[in-house]
Amino acid sequence: MADDLSLVAETQDEEIAHTLALELAPDITVLSASAETPFRGAVVERLSAVSRLVYVGACPPDVAHQVITCGAAAVFDPRGRPQALPDIIRVAAANDTLIMPTCGPLKMTRIPTATRASEERDLPLAPDALTNREAEVLLLLAQGYANQEIANKLSVSSATIRSHVHHLLTKLSVRSRAHAVALAYESGLIRAVEQGLRQTA
């Protein structure tokens, strides 16, 4: 365990884990999955309701997407860079940021639309309802960047980025950056925004 991280409790029992998360209020709860304990949405939802959750386990992108939509702050596939878990925990504790499997500590893979029904789902809003800058911010959020990193990339202040993020959440009718990105991927908005930015470039 890194010097700036400490383990306050550990259990293999889901009920005890929920109780401990309530009593100890940790910055992060890590849920480790295995072949014997595959993904179960109800468990993720319950733990995410009382603590920011990092889900650790080898899972394909469609399952990773389900984990995020159930409320997890991050999904980490340890097969690529197992030593990156402390970085994942730090980022998840400091930011409402998605980190998806096999991409290292600060990147996110594209989540393919899992089903035909998802492909046919209406966009949550028209791509042109976003300003070009809001669209840029959304794409950078989807890559796992924190506010200050986005501000540096776009050469603006972090306060300006916070304002853009607030406007994005309002327009998408969601309460968190994680849900905004999950919705944008699930609905196809990310693809539409990318196409729109290419056309205006």
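Just so you know, residue 1 is the first one in the sequence shown, and it goes up from there. What's counted below: heavy atoms across the whole structure, side chains too, no hydrogens, waters or symmetry copies. Small disclaimer: the values here were computed from a predicted structure and weren't measured.
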Which atoms form the tightest heavy-atom contact between [X] and [Y], and what is the distance?
X    : Y    : answer
V50  : A21  : CG2-CB, 3.7 Å
K171 : A129 : NZ-O, 2.8 Å
L24  : A9   : CD1-CB, 3.7 Å
C70  : G41  : SG-CA, 3.8 Å
A73  : R52  : CB-NH2, 3.3 Å

L130 versus L138: any side-chain heavy-atom pair under 4.5 Å?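 L130 reaches L138 side chain to side chain.
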[X] [atom1] to [Y] [atom2] distance, which is reported to the nearest 0.5 Å:
X    : Y    : atom1 : atom2 : result
E14  : R46  : CD    : CZ    : 8.5 Å
I16  : E23  : CD1   : CD    : 10.5 Å
R90  : L85  : CZ    : CG    : 9.5 Å
L139 : E194 : CG    : CD    : 5.5 Å
L20  : T29  : CG    : OG1   : 9.0 Å
I161 : E134 : CD1   : CD    : 10.5 Å

Tell me whether the count of non-hydrogen atoms from other residues, nucleotides or ligands lying under 6.0 Å of CG in N152 goes above 12.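 Check passes, neighbour count above 12.
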side-chain contact (heavy atoms from CB on, under 4.5 Å) for R162 and N147? Distances and angles first, verdict last. CA-CA 7 Å; R162 285 196 299 272; N147 282 358; 3.4 Å; yes
I'd like to know if the side chain of S51 and the backbone of L53 have a donor-acceptor N/O pair within less than 3.5 Å.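 Not at all, since once roles are kept as given, no pair shorter than 3.5 Å links the two residues.
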Can you tell me if S155 uses its side chain to pair, donor with acceptor, with the backbone of A151 under 3.5 Å?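 Side chain of S155 to backbone of A151: no pair is present.
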Candidate pair L154 and V137, rule side-chain contact (heavy atoms from CB on, under 4.5 Å), full reasoning: CA-CA 9 Å; L154 300 181; V137 169; 4.0 Å; yes
Between E45 and R40, does any side-chain N to carboxylate O distance fall below 4.0 Å?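 The answer is no: the pair does not qualify as a salt bridge.
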Does this structure show an ion pair linking E136 with K153, if we count only N-O contacts that are shorter than 4.0 Å?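 Looking at E136 and K153, the cut-off is not met.
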Could you walk me through whether L31 and V56 pass the side-chain contact (heavy atoms from CB on, under 4.5 Å) check? CA-CA 6 Å; L31 176 62; V56 178; over 6 Å; no
For T160, which residues count as a side-chain contact (heavy atoms from CB on, under 4.5 Å) partner, sequence neighbours excluded?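 Here the qualifying residues are V156, S157, H164.
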Can you get from L5 to I28 by hopping between Ile, Leu, Val, Met, Phe, Trp and Tyr side chains that sit under 4.5 Å apart?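 Per the 4.5 Å side-chain linkage, L5 and I28 are co-clustered.
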Evaluate side-chain contact (heavy atoms from CB on, under 4.5 Å) for L141 paired with L168, printing each intermediate quantity in order. CA-CA 11 Å; L141 289 177; L168 281 169; 4.1 Å; yes
